[in-house]
Number of protein chains: 2
Amino acid sequence: MGKQMTEMLKGTLEGIVLTILAARPAYGYEITAGLRDRGFSDIVEGTVYALLVRIEQRGLVDVEKVPSEKGPPRKVYSLNALGGEYLEEFWRTWSFLAERIEQLHSERAEGEH
Amino acid sequence: MGKQMTEMLKGTLEGIVLTILAARPAYGYEITAGLRDRGFSDIVEGTVYALLVRIEQRGLVDVEKVPSEKGPPRKVYSLNALGGEYLEEFWRTWSFLAERIEQLHSERAEGEH
DNA sequence: ATCCGCTATTCAGTGTTGCTATCTACCGGT
DNA sequence: ACCGGTAGATAGCAACACTGAATAGCGGAT
């Protein structure tokens with residue numbers, strides 16, 4: 001993956017995963033696949049699992065172990081109330097930042113000609 | 001500053017500063033003030049100086065020492081060719097990411113009702 | 001029977017980043 | 001002599017995403 005993308009994902013990947021969980025509960029392997037489907041094709045399993053451990057430890061998600069037909073049991077994560085609040089703040093922060101960056105982008109575009 | 005904002009700035013702050021330098025050369029103290037004017041009010045000088053050291057070491061900017069009327073000499077940074085390329089890739093990466101995140105955001109909005 | 005492939009999770013170690021806090025330095029005005 | 005505004009440097013910290021490898025269960029192919 002590009003270095004710039006790696007750095008930019010810091011802080012946003014967490015929000016992305018929480019948003020996926022807000023739609024419906026999911027387990028790690030499934031989330032990784034979901035990310036691929038949504039264009040985040042270079043995000044690897046190890047990254048996602050580490051992130052899931054973090055958000056679990058912070059109490060943003062509830063976890064349930066569900067036996068799988070294939071392979072080891074799945075850990076199904078679902079967003080809880082605290083996670084919901086956290087996610088709302090994520091979107092506020094994102095909007096704030098994205099607005100200002102887009103503003104910069106358009107200023108730059110005016111500068112070119 | 002919020003922890004989420006701190007994490008989100010990773011990777012983007014660099015692009016923001018490079019974009020400011022693309023408009024016109026500037027020195028650290030001036031850039032910090034410019035960030036405040038553009039809404040990034042919590043970014044402190046130490047952060048900016050450290051970033052400037054990094055982009056200088058990577059050869060993305062040229063530096064010129066200019067004596068100041070007040071205080072120690074200014075280090076004026078200007079974007080060079082390599083920095084320009086880097087900045088273009090920054091915007092490509094940003095667009096890619098922002099597009100997908102906004103897509104997620106709108107999906108989420110549809111889910112609520 | 002054995003190996004391969006898919007599913008599914010874990011974990012130690014790495015590099016980069018932005019923040020905190022503090023220090024130095026120059027100058028003008030009081 | 002002192003303080004405030006200007007200007008820069010830096011050591012130490014916490015958080016994050018990535019790399020690479022290991023473990024484990026199951027089905028089907030060889």
Side-chain angles (χ1 to χ4, degrees), chain A residues 1-18 25-36 40-58 60-61 63-77 86 90 93 97, chain B residues 1-18 25-36 40-58 60-61 63-77 86 90 93 97:
Chain A
M1 181 143 40
K3 215 191 348 178
Q4 300 208 30
M5 182 59 90
T6 294
E7 292 306 323
M8 251 185 238
L9 280 174
K10 291 185 181 179
T12 60
L13 183 57
E14 196 175 283
I16 291 168
V17 169
L18 288 176
Y27 54 97
Y29 195 81
E30 189 185 9
I31 293 171
T32 306
L35 287 171
R36 271 190 237 291
F40 302 101
S41 49
D42 296 317
I43 293 169
V44 107
E45 285 148 24
T47 301
V48 176
Y49 286 116
L51 192 158
L52 290 172
V53 167
R54 285 201 302 270
I55 61 178
E56 179 185 357
Q57 279 174 348
R58 282 200 231 134
L60 306 179
V61 289
V63 187
E64 194 191 356
K65 258 204 170 123
V66 178
S68 167
E69 301 157 10
K70 301 183 150 198
R74 298 166 173 168
K75 283 181 75 176
V76 175
Y77 296 83
Y86 191 85
F90 167 79
T93 307
L97 185 62
Chain B
M1 181 141 44
K3 216 188 351 175
Q4 301 207 31
M5 182 59 89
T6 294
E7 291 306 323
M8 257 185 233
L9 280 173
K10 291 186 181 178
T12 60
L13 183 56
E14 196 175 282
I16 291 168
V17 169
L18 288 176
Y27 54 97
Y29 196 81
E30 189 184 10
I31 293 170
T32 306
L35 287 171
R36 271 190 237 289
F40 302 101
S41 49
D42 296 318
I43 293 170
V44 106
E45 285 148 25
T47 300
V48 176
Y49 288 119
L51 193 158
L52 290 172
V53 167
R54 285 201 301 272
I55 62 177
E56 179 185 358
Q57 280 173 349
R58 284 200 229 134
L60 306 178
V61 289
V63 188
E64 194 190 355
K65 255 199 172 130
V66 177
S68 166
E69 300 157 10
K70 301 184 149 198
R74 299 166 171 167
K75 283 181 76 177
V76 175
Y77 295 83
Y86 191 85
F90 167 80
T93 306
L97 185 61

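Residue numbers start from 1 in every chain, and the chains themselves are labelled A, B, ... in the order their sequence lines are given, proteins ahead of strands. Values reported hereafter were calculated over all heavy atoms of this structure, with side chains retained and with hydrogens, waters and symmetry mates removed.
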From D:dC18, C:dT10, D:dT10, nucleotide with atom closest to A:Tyr77 side chain: C:dT10
Considering every strand and a 4.0 Å limit on heavy-atom distances, what is the contact class for B:Glu14: base, sugar-phosphate, or nothing? sugar-phosphate
Selection from D:dT19, D:dA7, C:dG18 that lies nearest to any side-chain heavy atom of B:Leu9: C:dG18
So if I take every side-chain heavy atom of B:Ile43 and compare against D:dT6, C:dC19, C:dA8, which nucleotide ends up nearest? C:dC19
Determine the contact category for A:Thr47: base if any of its heavy atoms lies under 4.0 Å from a base atom, sugar-phosphate if only primed atoms, P, OP1 or OP2 are that close, otherwise nothing. base
Please give, in whole Å, the distance from D:dC16 C1' to B:Gln4 CD? 13 Å
With a non-hydrogen cut-off below 4.0 angstrom, is A:Lys70 in contact with a base, only sugar-phosphate, or nothing? sugar-phosphate
Using a cut-off of 4.0 Å on non-hydrogen atoms, how would the nucleic acid contact of B:Glu45 be classed: base, sugar-phosphate, or nothing? nothing
Taking the side chain from B:Glu14 and the backbone from B:Phe90, do they hold a donor-acceptor pair closer than 3.5 Å? no
Give one of base, sugar-phosphate or nothing for A:Gly46, where a contact means two heavy atoms less than 4.0 Å apart. base
Can you work out whether A:Ala50 or A:Pro72 has the more 5'-proximal nearest nucleotide on DNA chain C? A:Pro72
Taking for each residue the nucleotide of DNA chain C with the nearest heavy atom, is it A:Glu7 or A:Glu69 whose nucleotide lies nearer the 5' end? A:Glu69
Rounded distance in Å - NZ (A:Lys65) to C1' (C:dA8): 11 Å
Is any side-chain heavy atom of B:Ile16 closer than 4.5 Å to one of B:Phe40? yes
Whole-Å distance between C:dT17 P and B:Met5 CE? 19 Å
On the nucleotide D:dG8, are OP1 or OP2 found under 4.0 Å from the side-chain N or O atoms that B:Tyr49 carries? yes
Under 4.0 Å, heavy atom to any atom of DNA chain C: which of residues 51-58 of chain A qualify? none
Just so I know, are the side chains of B:Met8 and A:Thr93 near enough to count as touching, which here means a heavy-atom distance under 4.5 Å? yes
On a heavy-atom basis, which atom in A:Val63 and which in A:Lys75 lie closest, and how many Å separate them? CG1-CE, 3.7 Å
Please report, rounded to the nearest Å, how far the C1' atom of C:dC19 is from the NZ atom of B:Lys10. 9 Å
Is there a donor-acceptor pair closer than 3.5 Å between any side-chain N or O of B:Glu30 and the backbone N or O of B:Val76? no
Run the side-chain contact (heavy atoms from CB on, under 4.5 Å) test on B:Val66 and B:Tyr27 for me, step by step, so that the C-alpha distance in whole Å, both residues' side-chain angles and the decisive distance to 0.1 Å come before the verdict. CA-CA 9 Å; B:Val66 177; B:Tyr27 54 97; over 6 Å; no
From CG of B:Leu13 over to C1' of C:dT16, roughly how many Å is that when rounded to an integer? 13 Å
Protein-nucleotide distance (B:Arg36, atom CZ; D:dA7, atom P), rounded to Å: 13 Å
Out of A:Val17, A:Ile43, A:Leu51, which residue meets the side-chain contact (heavy atoms from CB on, under 4.5 Å) rule with A:Ile31? A:Val17
Any side-chain N or O of B:Ser68 below 4.0 angstrom from OP1/OP2 of D:dA7? yes
Minimum heavy-atom distance between A:Arg36 and A:Ser41, given as atom pair plus value: NH1-O, 3.3 Å
Closer than 4.0 Å, any side-chain N/O of A:Lys3 to the OP1 or OP2 of D:dC18? no
In whole angstroms, how far is the C1' atom of C:dA8 from the CD atom of A:Glu64? 17 Å
Separation of C:dG18 atom C1' from B:Ile31 atom CD1, nearest Å, is 16 Å
Is A:Lys75 near enough to C:dT10 that one of its side-chain N or O atoms lies under 4.0 angstrom from OP1 or OP2? yes
